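These figures come from a predicted structure and were not determined experimentally. Residues: numbered from 1 along the sequence shown. Both ligands and their constituent atoms are indexed starting at 1 by order of listing.
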Amino acid sequence: MKKRIYILYTGGTIGMKRSPKGYVPMTGLADLISQKIPIHLSANMPEYVLEELDELIDSTNATPADWQLIGNRIKENYQDYDGFIVLHGTDTLAYTSASLSFMLQGLQKPVIVTGSQIPLSELRNDAQDNLITALILASHYALPEVCLYFNGRLLRGNRATKIKSSGFDAFDSPNHPWLGKVGIHIEVESSSVLPPAKNNENFQLPDYGRHRIAPLRLFPGIDSAFLEHMLKLPIDGLILQSYGVGNAPDRDPKFLKTLESAIKNGTAVVNLSQCTYGRVEPMSYATGSALARTGVANGYDMTLEAALTKMHHLFALELKSDVIARKMETSLCGELSC
Ligand code: ASP
C-alpha cells in the first residue's frame with residue numbers, strides 16, 4: 001500500500017511568486033505542484049495531502065506562536081499519516097525545525113522540514129528536488145525525528161543552521177554529522193539518526209510566546225551598563241554568545257556581577273560559543289571559568305536556533321529558571337553533545 005504523507009505549506013520562497021515589491025507567499029501551491037510535477041505518475045511516490053496555513057508568511061515574520069501552530073497541525077494529523085513535510089521559508093527554517101524537535105519528542109514517524117532558494121513558480125528552481133526528495137525520505141526511510149532536508153543534505157532539525165544567504169547549499173549542521181547524503185543514491189546514515197522512542201510519543205505542546213528569550217552576542221567594548229539595560233526589559237532567558245571556548249570579559253567585575261545577580265533573580269542564562277564549529281569548554285581560560293562561576297549554564301555545542309527554541313519550550317512548560325538552566329545542559333532530543 002502507498003504511504004500517505006501530510007504536507008503543510010507555511011509560506012516561504014518555495015511557494016512564492018513575483019510581485020512589484022519582490023517575492024511574496026501565494027496560496028495555490030498544491031495546484032502548482034500538480035501542474036509542474038506529475039508525482040502521481042510514479043509508482044515509487046507516496047500519496048500526499050497538502051494543506052496551507054490560513055496566513056502564509058515570509059518566515060522572517062515567524063514567531064514562537066507560529067512554531068506552536070505548526071506543531072499542533074502535525075499532532076492533530078499524526079495518526080492519519082506515515083510521514084510529515086513542513087514547507088517553510090529558509091530564513092528562520094532552522095528555528096522552526098529545532099522548535100518542532102522539542103515539541104514532538106519521541107516521534108515514531110519522519111517529520112521533514114524543507115523549503116527552497118528559488119520558488120517552484122520559476123522554471124529553474126531548487127524547489128522541485130527538495131520537495132520530491134523530502135517525499136521519498138518521509139515515505140521510505142526510518143527517520144523517527146525532526147529532520148531538515150535541503151540540497152542533498154539530510155540534517156538533524158535541531159543541529160542545523162542557515163549558512164548561506166543565497167547558495168543552494170544553504171544549510172549545514174556544523175557540530176553533528178549529516179543524517180544522510182542525497183546524490184545519485186540516497187544514503188541515510190542510520191547510526192547518526194535517533195533511535196525510535198522506546199515508549200509512546202511524548203509530544204509537549206505548551207502555550208508559546210509568553211516569555212522573552214534573547215541572544216546577546218558579546219563584542220569588544222560591551223559594558224555592564226549595556227547588559228543591565230538589556231536585562232531590564234525584562235528578559236526571562238538570555239543566550240550569551242561568548243568568545244571561543246566560552247570566554248567573557250572579566251576586566252570590569254561589574255559585568256559578571258550583573259550577570260550573577262540576574263541569574264540569582266530568576267533569569268536563565270546559557271553560554272554558547274560565537275564560533276560556528278566547536279563547543280564551550282569553560283575551564284580552558286580564566287575568562288571562561290570566571291563566567292562559569294556566575295552560574296551560567298553550559299550550552300556545549302548547541303546552535304543558537306536550538307538554544308533559543310529550547311528555552312522557549314522549557315519556559316512554556318512553566319519550569320523554574322534553575323531547572324531550565326540544568327536542562328539546557330542536557331540533551332533532550334539530540335541537540336547537544338557534552
Ligand atoms: N524570506 C524567505 C523566507 O524565509 C526566504 C526563503 O524562503 O528562502 O520566507
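Checked against a 6.0 Å centroid threshold, the rings of Y78 and F84 count as neighbours. Under the 6.0 Å cut-off for aromatic ring centres, Y48 and Y81 do not qualify, their centroids lying 6.0 Å or more apart.
Atom-to-atom distance recorded for Q105:CD and L332:CG is 5.5 Å, nearest 0.5 angstrom. A distance of 3.0 Å separates NZ in K162 from OG1 in T90, rounded to the nearest 0.5 Å.
For atom 4 (O) of ligand 1, the closest non-hydrogen atom on the protein side is S59 OG, 2.5 Å. From the protein, the heavy atom lying nearest to atom 8 (O) of ligand 1 is T90 OG1, 2.5 Å. Closest to atom 6 (C) of ligand 1 among all protein heavy atoms lies T13 OG1, 2.7 Å.
Residue D58 has at least one nitrogen or oxygen atom sitting less than 3.5 Å from a nitrogen or oxygen atom of ligand 1, judged on distance alone.
Contact annotation for S116 and ligand 1: only backbone heavy atoms (N, CA, C, O) come within less than 4.0 Å of the ligand.
Interface atoms of ligand 1 facing G12, defined by a heavy-atom separation under 4.0 Å, are 7 (O), 9 (O).
Remark: the backbone N or O of C333 is paired with a side-chain donor or acceptor of E335 at under 3.5 angstrom.
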